[in-house]
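Below, read A as the first sequence line, B as the second, and so on, with proteins coming before strands; counting in each chain starts at 1.
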Amino acid sequence: MSDVVAPLFSKAEEKKEKTTKASFTKVAHKIYFKPYLFGTSNKGVSHLLRSVAAAYLLKGENKFKIIAYENAADVVEHLSREIKDIWEDGKLYEIQGIGASIASHLDEYFKKGYSTHFVTIFKGIPFTVFELTKVRSIGPKKAFKLVDNLKLYNPESLFEDLKTACLEGRVALLPGFGKKSEKEILNAIEHYLQAKDKIYRMTLPYAYRLAEEIIEYLRKNPKIKRVEALGSLRRMAPTIGDIDLAAVVEKDDFQAVIDYFTKYPKAVKVENAGVTKASIIVHPDVRVDLRVIEEESFGSMLQYFTGSKAHNIKLREYALKKGYSLSEYGIKRLEDEKLFKFSNEEEFYKFLGLSYIPPEIREGEEEIDLALRKSLPKLVKLSEIKGDFHVHSSYDLKPSHDLGTHSYEELCKEAMSLGYSFIGFSDHNPNMSNNSREEIVTILKERKTYIDKIISSKKFERIKIFIGLEVDILPDGSLALPDEAFEYLDFVIASVHSSFNLSISAMTKRVLKALSYPKVKILGHPTGRLLNKREGFELDWEKVFEFAKKKSIALEINSWPERLDLPDTLVKEAGKYGCIFAINTDAHAKEHLANMRFGVAMARRGYLTKEQVVNAWDLDKIERWIRS
DNA sequence: GCCGTTTTCGGCCCGACTGTTTTCAGTCG
């Protein structure tokens with residue numbers, strides 16, 4: 001603790017604390033408050049706010065104040081941008097759920113590394129209490145009891161010390177604890193320590209496959225009439241934390257079905273199992289929840305279990321004002337306690353005077369407002385997609401990046417089987433270091449001749465072929481392609497594939513320069529993110545959106561499961577800005593064309609209609625756009 | 001402490017599961 005800068009409270013204050021706050025007088029320890037003790041990442045700030053809520057809870061503060069801080073913590077945790085960047089833009093006050101008070105404290109925290117208000121709230125509570133609350137099944141009250149009774153004041157050895165106490169049976173002796181909770185705490189610490197550095201969340205397709213396997217197992221049980229994947233999977237969130245399932249079962253069979261579920265062969269652990277729900281852990285550490293419900297309430301259950309949590313809370317608040325209380329069992333009219341049940345979701349929303357809200361946008365933003373005014377956008381559908389602009393083939397033009405595995409012909413065939421009316425071949429540009437300018441021009445000329453031959457062969461008459469190229473945006477913003485080569489192309493997708501660490505302004509300048517080239521029609525995977533591997537880079541999005549809109553350049557929604565880029569939240573912003581989009585798969589094999597549905601899901605999550613999506617336009621409109 | 005198309009005051013989602021209790025508190029989603 002050599003980098004300790006300022007004590008949380010001085011010796012004199014500590015003494016005073018002991019005489020004034022009865023419940024904390026026993027705490028004999030020193031807490032030190034380092035600047036940025038909680039860090040400035042979204043995760044860190046979220047934990048800071050949650051810690052304030054915990055401190056308030058321990059001190060018996062007004063429970064709605066506590067809820068406000070917990071809510072703010074949730075909001076920060078789920079922000080799509082870093083809160084520190086938002087603060088730097090001076091837009092802290094615009095975040096829904098963070099009001100003037102919390103915003104001013106955070107402003108101070110970002111400026112100075114601490115907030116005097118928070119420091120006051122934390123007084124008398126060891127920092128280790130907040131650390132402990134990160135462990136599953138340990139909340140503020142248990143954490144405080146453990147820290148206080150076992151004198152766990154050293155953050156460095158906190159978890160080891162608590163483990164030792166469990167093993168020595170000292171935890172079970174504490175009031176409110178017993179043998180079982182002691183064992184549970186031991187397990188939970190082990191789990192926490194193992195999972196601590198893992199930020200891993202499943203990609204959508206991975207979670208789908210996993211869910212399918214379990215659903216298949218459940219369907220073998222004749223007592224289960226219907227089973228669905230709900231939660232973030234149904235909302236098509238970019239990454240999935242755990243899998244939520246719901247099953248329709250006769251009431252008498254609830255227990256039997258729960259038992260059957262907990263005996264799933266690949267379950268490594270049964271987390272909990274009650275009468276109506278159970279949770280298991282499946283290799284490799286994925287939590288799967290199952291809820292069982294009778295047919296007549298399945299609509300309410302679908303609604304409840306699809307979430308999101310934020311959507312449900314807002315919906316329940318809205319319903320409450322109308323005199324109704326919502327739950328997974330139905331809608332209860334408060335004046336006479338009558339429960340209305342719903343076997344489908346459409347009726348559920350209709351009863352509340354709302355139009356049906358598609359799962360993809362149930363994120364607790366403006367969707368309930370829009371549904372109330374019957375002005376939800378008609379979201380683009382997979383069936384409206386007429387083609388794919390970003391497909392890599394096995395044609396060898398000595399590219400800078402990887403080739404695809406299938407030929408133009410094979411890809412055309414696959415696209416036709418999907419009912420597409422066009423395909424755009426966008427192989428990577430030839431490598432600039434191994435090929436001279438002249439060679440590159442020749443390579444592209446020959447490629448055009450080759451593709452033109454396929455077109456004139458009339459073998460694929462039903463499908464329009466566009467000759468595109470995915471071209472690297474070099475660090476200085478120029479494109480990795482000689483000017484003379486552009487004439488052999490119908491369109492260019494400009495993408496950043498290197499030098500991700502430029503400043504926001506340099507990166508923005510770089511991208512805008514690249515978009516100024518003729519024939520650039522699409523900005524490829526605009527943030528460069530790789531889920532679980534690499535954060536996307538920041539751009540001055542307003543400038544980029546403005547420029548793209550002016551030049552009718554489509555922002556790509558790349559459907560590659562690890563990209564899903566533009567991210568849904570930026571899709572929404574850009575959509576409001578008036579931008580157009582191209583949903584592409586970035587396929588490197590014909591099977592990858594099927595990933596389109598994930599890109600469409602991101603577009604839907606971004607509130608897009610087919611008018612905003614270039615590849616949902618009529619072919620002649622697409623051709624006019626390409627030529628413009 | 002947050003929020004607003006019945007509110008700038010007066011509300012604030014709802015229920016299940018577990019363990020430690022003899023009726024409930026804590027935690028979670």
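Residues meeting the side chain to side chain contact (heavy atoms under 4.5 Å, CB included) test with A:Thr609, sequence neighbours left out: A:Pro377, A:Glu611, A:Gln612. Residues meeting the side chain to side chain contact (heavy atoms under 4.5 Å, CB included) test with A:Asp161, sequence neighbours left out: A:Leu152, A:Ser157. Residues forming a side chain to side chain contact (heavy atoms under 4.5 Å, CB included) with A:His117 (at least two apart in sequence, or on another chain): A:Tyr56, A:Tyr69, A:His105, A:Ser115, A:Ile121. Annotation: ring-ring contact (aromatic ring centres under 6.0 Å, His included) contacts of A:Tyr329 (sequence neighbours excluded): none. Not counting sequence neighbours, the partners of A:Thr569 by the side chain to side chain contact (heavy atoms under 4.5 Å, CB included) test are A:Ser80, A:Pro567. Considering only residues two or more places apart in sequence or on other chains, A:Glu94 meets the salt bridge (charged side-chain N to carboxylate O under 4.0 Å, His left out) condition with none of them.
Screening residues 220-242 of chain A for salt bridge (charged side-chain N to carboxylate O under 4.0 Å, His left out), with sequence neighbours left out, gives A:Lys225-A:Glu250, A:Arg226-A:Glu228, A:Arg234-A:Glu345, A:Arg235-A:Glu363. Sorted by first and then second residue, the salt bridge (charged side-chain N to carboxylate O under 4.0 Å, His left out) pairs with a member in residues 263-284 of chain A read A:Arg136-A:Glu271, A:Glu213-A:Lys266, A:Lys269-A:Glu271, A:Glu271-A:Arg287; sequence neighbours excluded.
Taking atom C1' on both nucleotides, B:dG1 is separated from B:dT8 by 15 Å, rounded to a whole Å. When the P atom is used for both B:dC2 and B:dC13, the distance is 15 Å, rounded to whole Å. Comparing the P positions of B:dT27 and B:dT21 gives an interatomic distance of 15 Å, to the nearest angstrom. Annotation: B:dT20 and B:dA25 have their C1' atoms spaced 9 Å apart (nearest Å). Remark: the separation of the C1' atoms in B:dC9 and B:dC14 is 25 Å, to the nearest Å.
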Report task. Mark up nucleotides 22-27 of chain B, 5' to 3', with B wherever a protein heavy atom is under 4.0 angstrom from a base atom, S wherever such an atom reaches only the sugar-phosphate, and - elsewhere. Result -> ----SS
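If you check B:dC28 for Watson-Crick or wobble pairing at under 3.5 angstrom, you find it paired to B:dG15.
A tilted orientation is assigned to the rings of A:Tyr192 and A:Phe159, their planes being inclined by 30° to 60°.
Nucleotide B:dT7 is shown with a syn base, its glycosidic torsion being within 90° of 0.
A donor-acceptor contact shorter than 3.5 Å links the side chain of A:Asn312 to the backbone of A:Tyr304.
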Compile the donor-acceptor pairs under 3.5 Å between side chains in residues 162-174 of chain A and protein atoms, sequence neighbours left out, one pair per line.
from	atom 1	to	atom 2	distance (Å)
A:Lys163	NZ	A:Glu160	OE2	3.4
A:Lys163	NZ	A:Glu190	OE2	3.2
A:Thr164	OG1	A:Glu160	O	2.8
A:Glu168	OE1	A:Arg170	NE	2.9
A:Glu168	OE1	A:Arg170	NH2	3.1

Distances under 3.5 Å only, N/O to N/O: pair up the protein atoms with those of nucleotides 2-8 of chain B.
from	atom 1	to	atom 2	distance (Å)
B:dC2	OP1	A:Gly99	N	2.6
B:dC2	OP1	A:Gly99	O	3.3
B:dC2	OP1	A:Ile102	N	3.3
B:dC2	OP2	A:Ser101	N	3.4
B:dC3	OP1	A:Gly97	N	2.4

At a cut-off of 3.5 Å, list every protein nitrogen or oxygen paired with a nitrogen or oxygen from nucleotides 10-19 of chain B, distance to 0.1 Å.
from	atom 1	to	atom 2	distance (Å)
B:dC13	OP2	A:Glu317	OE2	2.7
B:dC13	O2	A:Arg316	NH1	2.3
B:dC14	OP1	A:Ser325	OG	2.8
B:dC14	O4'	A:Arg316	NH1	3.0
B:dA16	OP1	A:Tyr329	OH	2.8
B:dA16	O3'	A:Thr276	OG1	3.3
B:dC17	OP1	A:Val275	N	2.9
B:dC17	OP1	A:Thr276	N	3.0
B:dC17	OP1	A:Thr276	OG1	3.4
B:dC17	OP1	A:Lys277	N	3.0
B:dC17	OP1	A:Lys277	O	3.4
B:dT18	OP1	A:Ala273	N	2.9
B:dT18	OP1	A:Ala273	O	3.4
B:dT18	OP2	A:Ala273	O	3.4

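Going from atom NE2 of A:His191 over to atom P of B:dC28 covers 13 Å, rounded to whole Å.
Among the atoms of the strands shown, none is found under 4.0 Å from any heavy atom of A:His311.
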